[in-house]
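Small disclaimer: the values here were computed from a predicted structure and weren't measured.
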Amino acid sequence: MAKGGESADVTVCDINHAMLSVGRNRAADRGLLKGLTWSTGDAEALPFPDRSFDGYTIAFGLRNVTDIDKALREACRVLKPGGRMAVTVPTRWPERVNWALDWQYHDAPGAHVRIFRQHELEQDLEAAGLWLRGSHHAHALHSPYWWLKCAVGPRNEQHPLVTRYRKQIGRASCRER
């Protein structure tokens with residue numbers, strides 16, 4: 001819900017058609033399709049007019065872009081003046097473990113091509129013209145899942161350890177990358 005209890009219109013954008021399909025199906029399963037628009041697009045060349053959005057979220061997407069400066073300029077371009085942006089990235093240490101376990105994790109199409117140090121990400125955000133309001137660190141079961149996936153091969157979705165882990169933690173988000 002938006003401020004004051006109003007509903008909000010949300011545009012979901014991803015370069016990967018399969019990920020959009022997964023998201024659309026999950027939203028439909030939960031009865032959350034109202035107010036959602038789905039769009040295929042590249043973070044480095046967003047398919048939206050200037051100043052289109054009051055808020056913009058980059059949920060882990062910066063780890064996959066080739067040109068972070070271009071992606072952040074695009075994000076700022078589509079954000080209305082006074083709008084807010086939230087950016088999430090994986091923490092450095094778990095990502096380093098993944099890179100050490102299997103090259104495909106960072107050297108394959110759609111892979112995690114970048115690992116962030118907090119101060120470097122903050123510099124990138126400020127260089128794009130953003131004013132930082134804070135940061136937060138959280139831990140989840142997502143990192144051990146990817147360590148396991150990299151140990152058995154990141155594309156090996158049917159490995160018994162991978163399927164058992166998904167079943168144990170019941171995280172639908174672990175099914176797709």
Trainee: Under a 4.5 Å cut-off applied to non-hydrogen side-chain atoms, are Leu20 and Val12 in contact?
Mentor: yes
Trainee: Angle between ring planes, Phe53 versus Phe48, binned at 30° and 60°: parallel, tilted or perpendicular?
Mentor: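 Plane angle over 60°, so perpendicular.
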Trainee: Please tell me whether Leu72 and Phe60 are part of a single hydrophobic cluster in this structure, the criterion being side-chain heavy atoms less than 4.5 Å apart.
Mentor: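 Not linked; separate clusters.
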Trainee: Does the ring centre of Trp147 sit less than 6.0 Å away from the ring centre of Trp93?
Mentor: yes
Trainee: Looking only at non-hydrogen atoms, find the nearest pair between Ser135 and Glu122 and report the distance.
Mentor: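 Scanning both residues, the minimum pair turns out to be OG-OE2, 4.4 Å.
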Trainee: Taking atom types as modelled and ignoring hydrogens, do the side chains of Thr163 and Gln158 form a donor-acceptor contact shorter than 3.5 angstrom?
Mentor: no
Trainee: So, do Leu130 and Met85 sit near enough that their side-chain heavy atoms are less than 4.5 Å apart?
Mentor: yes
Trainee: Between Asn64 and Val113, is a side chain to side chain contact (heavy atoms under 4.5 Å, CB included) present by the stated rule, with each step listed?
Mentor: CA-CA 6 Å; Asn64 307 92; Val113 298; 5.5 Å; no
Trainee: Same cluster or not: are Leu79 and Leu132 linked, directly or through other Ile, Leu, Val, Met, Phe, Trp or Tyr residues, by side-chain heavy atoms under 4.5 angstrom apart?
Mentor: yes
Trainee: Can you find a pair of side-chain heavy atoms, one from Thr66 and one from Glu44, that are under 4.5 Å apart?
Mentor: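 Of all side-chain heavy-atom pairs linking Glu44 with Thr66, at least one is under 4.5 Å.
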Trainee: Inspect the contact between Glu95 and Arg63 and indicate whether a charged nitrogen and a carboxylate oxygen are less than 4.0 angstrom apart.
Mentor: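 Salt bridge between Arg63 and Glu95, a charged N being under 4.0 Å from a carboxylate O: no.
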Trainee: In terms of hydrophobic clusters joined by side-chain contacts under 4.5 Å, are Tyr145 and Ile115 together?
Mentor: yes
Trainee: When you compare the side chain of Val152 with that of Asp102, does any pair of heavy atoms fall below 4.5 Å?
Mentor: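 Answer no - side chains too far apart.
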